[in-house]
Amino acid sequence: MVGSVFLGQSVISGFLASILCDKLDCRRGCMIGGLLAATGLVGSFFASNCTHLIISFGVFTGVGLAFCYQAVHISVSHYFNAKRSFAIAIMQMGSSMGQLVWGPLTHYFIDIYTWRGAFLMLSAFSLHLIAIGALLRPHKNEYLHKKQRGGSAFDIAIFKNIPFDLLMFNTTLVSLVLGMFFFHFPAYAVYSGTSIHASALLLGAIGITSLALKPLFGAVMNHPDVDMWTVYSMSQTVSGVVTVLCPLFMVNFTGQLIYAVIFAVYTTPFFTAHAAITLQSVESKHFGASIGILQSVVGLGFFFGPIVGGWTYSVTGSYAFAVQFAGGCLLVNTLVMFAMKAASRGKHGEDILEDNKFNDVTSCHNSDIHTTSRCRGDVHRLKAASHLDIPVKSAHAYIYNTTT
């Protein structure tokens, strides 16, 4: 229960984090999150029962880390436009490194200092998030988006965006599959005759594969000849087909390792391109809210995925059907992404495209115009803005003010 609350609390904290970052800024959002995480870990040192841990570790630490995660994603999205996928991929490497490092390190702390001492050690490390947050210099686009929202922290109009609604459904299914996979795949391997220690290596192989491929996929999806939507969609198709056929790989450890590596390869685009696709699907003023909403959706998927897998196993007495159900979800997602692509070609999609083009233009002004080739000169920037169907007050006045 402690772990479920820790993972599933992002259902709530996603909304809270987006509101916090929009009302304040990403810097203070991350610093507040780091303080909450450290407080929760210190409070866990004094725990005498699981209820205490649910509140201290599950709620305080979970919400604090979610705030930090959200703040960094929003900040990076503001700073990088042309190479956003690559920037996010580099950042996401931290998640893969964390899978490899913090699990064994935490076990080491427990062996040396007991679980109470381990909480204190982790609390000390989490205080570094406050210093990291202080280094998140607010981008000028953050202030522009606040003015566009007119002071409102959350605009329900975002739910009228059909492409974004479809992306929410896509994210729900992928998160459901990932929650089911990471929780039950090692048990499925043991059920198929693999030792417990060997089954743990399968998740390690996934982490190493993902760590190696995230920057590669990020760079590929920034190439002008590569369609990010196609890579994102077809990778889920391949993952779905392989997962439906997963029982064929489970006969021995070699087959299980092959499946784990393939699964890692074709789910990596979800982590590297998801934020970039999200920000292509909404207006720039909804960047923070959209990431917060999808963070909540991911929490729902991770919360219910293990439950669905466990219920399926209890009913059928086998993991095979649960895994094939997961593969079917990924195949459905292929159709969802094609529908999303079609919806993005409509009038609303054109409005979002023009809005994000203007966001690229304003990002140019905030960079060094003398060293950025595509942003060189006031005339170039004003011409770029004049081709967009946006109010003169929003384009010309803002460009003039930021330039002067």
Within the side chain of R27, is there an N or O that forms a donor-acceptor pair under 3.5 Å with the backbone of A134? yes
Checking S44 now: which residues fulfil side-chain hydrogen bond (donor to acceptor under 3.5 Å, both in side chains) with it, not counting sequence neighbours? S56
For the pair F249 and Y259, name the ring-plane relationship: parallel under 30°, tilted 30 to 60°, perpendicular over 60°. tilted
Is there a donor-acceptor pair under 3.5 Å between the side chain of S126 and the backbone N or O of S123? yes
Is there a side-chain contact between L120 and Y113 (heavy atoms, below 4.5 Å)? no
To the nearest 0.5 Å, what is the distance between NE2 on H73 and CD on Q295? 8.0 Å
In Å, rounded to the nearest 0.5 Å, how long is the span from SG of C30 to CD1 of I74? 11.0 Å
Answer whether the closest heavy-atom distance between the side chains of V72 and L136 falls below 4.5 Å. yes
List the residues meeting side-chain hydrogen bond (donor to acceptor under 3.5 Å, both in side chains) with T171, not counting sequence neighbours, and say none if there are none. H274
Please answer whether the main-chain N or O of G43 pairs with a side-chain N or O of H52 as donor and acceptor at a distance below 3.5 Å. yes
Going through the distances and angles, do L330 and L173 end up as a side-chain contact (heavy atoms from CB on, under 4.5 Å)? CA-CA 7 Å; L330 292 173; L173 292 181; over 6 Å; no
Any chance you could measure N333, atom CG, to M340, atom CE, to the nearest 0.5 Å? 11.0 Å
I'd like to know whether CZ of F271 has more than 12 heavy-atom contacts from other residues, nucleotides or ligands below 6.0 angstrom. yes
Non-hydrogen side-chain atoms of V242 and Y266 separated by less than 4.5 Å: no
Just checking F321: does its CZ atom have more than 12 heavy atoms from other residues, nucleotides or ligands closer to it than 6.0 angstrom? no
Might you work through the side-chain contact (heavy atoms from CB on, under 4.5 Å) test for S290 and I158, ending with a clear yes or no? CA-CA 8 Å; S290 64; I158 191 174; 3.8 Å; yes
Looking only at the side chains, is there a donor atom on one of Q236 and N170 sitting less than 3.5 Å from an acceptor on the other? yes
What is the ring orientation for H78 with H139, classed by angle as parallel under 30°, tilted 30 to 60°, or perpendicular over 60°? parallel
Please confirm whether the backbone N or O of A71 pairs with a side-chain atom of S75, one donor and one acceptor, at under 3.5 Å? no
Within the supplied structure, the quantity of interest is the number of heavy atoms (other residues, nucleotides, ligands) at a distance under 6.0 Å from Y313 OH; does it exceed 12? yes
C21 backbone acceptor or donor facing D25 side chain under 3.5 Å: no
ring-ring contact (aromatic ring centres under 6.0 Å, His included) partners of W311, counting only residues at least two apart: none
Is any side-chain heavy atom of I293 less than 4.5 Å from a side-chain heavy atom of F164? yes
For I196, does the CD1 atom sit with more than 12 other heavy atoms under 6.0 Å from it, leaving out its own atoms? no
For the residue pair M180 and G309, what are the closest heavy atoms and their distance? CG-CA, 3.9 Å
Mind checking what makes side-chain hydrogen bond (donor to acceptor under 3.5 Å, both in side chains) contact with S318, not counting sequence neighbours? none
Hey, does the side chain of T230 reach the backbone of V226 with a donor-acceptor pair shorter than 3.5 angstrom? no
Look only at the side chain of S195 and the backbone of A198, and say whether a donor-acceptor pair between them is shorter than 3.5 Å. yes
Do the side chain of S210 and the main chain of I206 share a donor and acceptor less than 3.5 angstrom apart? no
Please list, chain by chain and in numerical order, all residues satisfying ring-ring contact (aromatic ring centres under 6.0 Å, His included) with F57, sequence neighbours excluded. F6, F119
Once rounded to the nearest 0.5 Å, what's the spacing between atom CG of L176 and atom CZ of F325? 6.0 Å
Can you tell me if Q92 and T272 form a side-chain donor-acceptor pair at under 3.5 Å? no
Determine whether L129 and L65 make a side-chain contact, defined as any pair of heavy atoms from C-beta on separated by less than 4.5 Å. yes
Which of parallel (below 30°), tilted (30 to 60°) and perpendicular (above 60°) describes F181 and F263? parallel
Step through it carefully: locate the ring centre of F109, locate the ring centre of W115, and say whether they are under 6.0 Å apart. no
Crowded around F183 CZ? As in, over 12 foreign heavy atoms under 6.0 Å? no
Residue pair F253 / Q256, side-chain heavy-atom distance below 4.5 Å: yes
With rounding to the nearest 0.5 Å, note down the distance linking OG1 in T61 to CG in L122. 9.0 Å
Here the pair of heavy atoms bringing L257 nearest to A205 is CD1-CB, 3.6 Å
Does any part of the side chain of L16, heavy atoms only, come nearer than 4.5 Å to the side chain of L20, both counted from C-beta? no
Check whether any side-chain heavy atom of L203 sits under 4.5 Å from a side-chain heavy atom of P186, and report yes or no. yes
CZ of F302 to CG of L300, rounded to nearest 0.5 Å, is 12.0 Å
Which ring pair (Phe, Tyr, Trp, His ring centres under 6.0 Å) pairs, counting each pair once, include a residue from residues 216-241, with sequence neighbours left out? none
Report the C-alpha distance between R84 and S77 in whole Å, list the side-chain angles of each, state the deciding distance to 0.1 Å, and finish with yes or no for side-chain contact (heavy atoms from CB on, under 4.5 Å). CA-CA 6 Å; R84 181 177 288 145; S77 298; 4.1 Å; yes
